[in-house]
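These notes concern the structure reproduced below.
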Amino acid sequence: MADLSDVTAYLLQAATDAVYPNGAAQGSIVGAGVRLMEGWPIAKQLDADMAAGKANVSVFPPAGAGTTVYQVLDKTYVIQRAAIATTFTLTGNVVTVAGTLAPGEFMTLVIDGAVTCSQTGSSVADMLTKLAAQAQSFGYPAVATSNTLAVPFGHELVVRQGGKAVEGKVVHRQQQSVWITVWAPTPTMRNALAAAIDVAIKSKNRVTMPDTSQALVVYSRTNTIDEQQAATIYRRDLIFNVDYATIEQFPAYTITSTQVSIAKPGNTAIATAVT
């Protein structure tokens, strides 16, 4: 699920990329050191950095800055598709499997349209052995080797593969105000850093979170604060409202077989006709 920490991590990375477009090893866009952090800066460290000519950029979600938003709850969607790493061939009544099983991968046999066998395993050999045992329990003399499965059948043998996926559903949306604050020893440095960060964040207002949900980053306002000039600290707050989702995640499996039960209807006239 997307968490507030995912939001602040994204904004921090966006600010870092704007300040160090070629990586930290190549220097910042202002030619001086810039410390970027999540949270509010420590006063003693901030004073030391300003005295050394080093700017700071903080990403901080202030308390009480959350807002309730209209709840548009999405339908279930796929976050991670089922992985199927093996392949198989069916020749006569022999299934031959190649490759290594992905986590959660399984195989299903539908024998003569009436019997369903479905198994996974720690390996292909383990899975085929389990399938053979299950088929035998239904009266089919199946035989497994390390990569083959022979299933004598009457008129039909259907083989399907499946796997384990991850699905998700939005269960709540929320909005949080986040402050990206530039602290600099000169107004020129502050202006250059703030301008670059502002453009970087505004250039992408719809963001994919780690859980694949979408967050909306919307500019709110800017504060320019020069009250700390005596301490040579020039500050600018870039304030964005971020609308993001809480996602419930759960496992899902490929459907490889279905079963239909027909019950005798309760209506006497229909039941007599069916009989």
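Nothing here was measured: the structure is a model prediction, and the numbers come from that model.
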From OG (S213) to CG (D6), nearest 0.5 Å: 8.0 Å
Check: M127 and L101 side chains under 4.5 Å, non-hydrogen atoms: yes
Within the 6.0 Å centroid threshold, strictly below: F60 and W179: no
Donor-acceptor side-chain pairing of N191 and R236 below 3.5 angstrom: yes
Pair T8, S5: side-chain N/O donor-acceptor within cut-off below 3.5 Å: no
Flag side-chain contact, heavy atom, 4.5 Å: Y234 against T188: no
Contacts of type ring pair (Phe, Tyr, Trp, His ring centres under 6.0 Å), residue Y219, not counting sequence neighbours: F240
Whether F106 and Y253 hold their rings parallel, tilted or perpendicular, with breakpoints at 30° and 60°: tilted
Where L128 and A144 come nearest, the two heavy atoms and their spacing: O-CB, 3.5 Å
Student check: side-chain heavy atoms of T254 and Q161 closer than 4.5 Å: no
Derivation and outcome, side chain to side chain contact (heavy atoms under 4.5 Å, CB included), residues L216 and Y244: CA-CA 7 Å; L216 189 63; Y244 66 100; over 6 Å; no
Distance-minimising heavy-atom pair for I29 and A192: CD1-O, 4.0 Å
Listed once per pair and sorted, the salt bridge (Lys or Arg N to Asp or Glu O under 4.0 Å) pairs that draw on residues 22-36, sequence neighbours left out: R35-D49
Listed once per pair and sorted, the side chain to side chain donor-acceptor pair (under 3.5 Å) pairs that draw on residues 118-128, sequence neighbours left out: T108-S118, Q119-Q134, S122-D126, D126-K130
Cluster link I84 to V78, ILVMFWY, side chain under 4.5 Å: no
